[in-house]
Enquirer: 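Could you have a look at this structure, given as structure tokens, before my questions?
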There are 2 protein chains.
Amino acid sequence: MTRAQRAVLAQLTNDRAFVSAQDIHARLRRSGESVGLTSVYRALQALTDDGQLDARRTDGGEATYRRCGSDQHHHHLVCRQCGAAVEVEAPAVEKWVADLAATHRYVIDAHTLEIIGLCSRCADA
Amino acid sequence: MTRAQRAVLAQLTNDRAFVSAQDIHARLRRSGESVGLTSVYRALQALTDDGQLDARRTDGGEATYRRCGSDQHHHHLVCRQCGAAVEVEAPAVEKWVADLAATHRYVIDAHTLEIIGLCSRCADA
DNA sequence: CCGAGAATGAAAACCATTGTCATCTTGCCG
DNA sequence: CGGCAAGATGACAATGGTTTTCATTCTCGG
């Protein structure tokens, strides 16, 4: 693992929310651990390919990343304000998806299920 | 409704797949019906706000739009190649989402459920 | 017919992301 | 140790979708 990858992973292990590349870069800068923006992007790409990070896009189209606790397939309940997320599993949905695909003769690559709102902390504030 | 909105809506009523702003612009151009790219973006924005179009982002982060048959809340089975989509309802999922949000004290704004793959036509080709 | 307010679109600005390339590390072999 | 090859790094430029700006053009009520 490269220096940039270690730095990014450390940051995301610390925070544990969905964070954008630019945010990660800024935070690393602020904490003295200086890594170029390009390297942050490369590290995020590599770690995501490696399955160590989950990626999702915000409503605005910005990519955000999170270090998840489970390496199993799961979905997220995400706070649109702070990025805090709860990992959830939905076996019933998985089955429903598979059946549906078969019915319509689609070859499925993936599916997404996300619940977006405000966590209790952000809702109160 | 403005000229641009009529043109965009006509195009999307014709095609009925998820299409990007740039694609719509190109198609209108090609069909003689010339509308500026800016106006296409504005029309898509307005029509989406109006609930006349459904929007989603491709994996690459590009926004795509579709004229759906149902104005009820529904989800999509989408072909990542050609944009063809099947509208599906999932009452069980809706309920599950609501319960989950309550459990975790999240104030829910929205949720997304998408199934991405290849339609039978694209899979065969 | 007139004028105000909306619509239009070309061009510039934006901004996240990716490519380029010269430099710097690092680990290995002699 | 040296030194070299492969990979990593990061400043900078380029890309590409989207939004802003702004001057011009419609449109429609009075």
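Below, read A as the first sequence line, B as the second, and so on, with proteins coming before strands; counting in each chain starts at 1.
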Enquirer: Tell me: CE of Met1(A) to P of dG27(C), nearest whole Å?
Expert: 15 Å

Enquirer: Has Arg67(B) got a side-chain atom pairing as donor or acceptor with Leu9(B)'s backbone, closer than 3.5 angstrom?
Expert: no

Enquirer: Checking His25(A) against Gln11(A): is there a side-chain donor and acceptor pair closer than 3.5 Å?
Expert: no

Enquirer: What is the separation between atom CG on Asp59(B) and atom P on dG17(D), rounded to the nearest whole Å?
Expert: 15 Å

Enquirer: Check DNA chain D against residues 2-39 of chain B and give the residues with a non-hydrogen atom under 4.0 Å, in numerical order.
Expert: Gln22(B), Thr38(B)

Enquirer: Got a second to check how far Glu87(A)'s CD is from Leu77(A)'s CG, nearest 0.5 Å?
Expert: 11.0 Å

Enquirer: Over its full length, what angle do the end axes of the helix from dC1(C)-dG30(D) to dG30(C)-dC1(D) make, each axis taken from five pairs and the result rounded to 10 degrees?
Expert: 10°

Enquirer: Checking Arg66(B) side chain against Ala85(B) main chain: does a donor-acceptor pair fall under 3.5 Å?
Expert: yes

Enquirer: Each residue besides Tyr41(B) in its hydrophobic cluster should be listed here, by chain and number; the cluster joins Ile, Leu, Val, Met, Phe, Trp and Tyr at side-chain heavy-atom distances under 4.5 Å.
Expert: Leu37(B)

Enquirer: Would you mind checking if Asp59(A) and Arg80(A) are paired as a salt bridge, meaning a charged N to carboxylate O distance below 4.0 Å?
Expert: no

Enquirer: Just wondering, do Ile24(A) and Asp15(A) contact through their side chains at under 4.5 Å, heavy atoms?
Expert: no

Enquirer: Rounding to a whole Å, what distance do you find between Glu62(A):CD and dT17(C):C1'?
Expert: 11 Å

Enquirer: Taking the side chain as C-beta and beyond, is there a heavy-atom pair between Tyr106(A) and Ile115(B) under 4.5 Å?
Expert: no

Enquirer: Report yes or no: is there a donor-acceptor pair, N or O only, under 3.5 Å between the side chain of Arg42(A) and the base of dG10(D)?
Expert: yes

Enquirer: What is the distance, rounded to the nearest whole Å, between atom OH of Tyr41(A) and atom P of dA14(D)?
Expert: 18 Å

Enquirer: dG17(D) P sits how many Å from Gln45(B) CD, rounded?
Expert: 18 Å

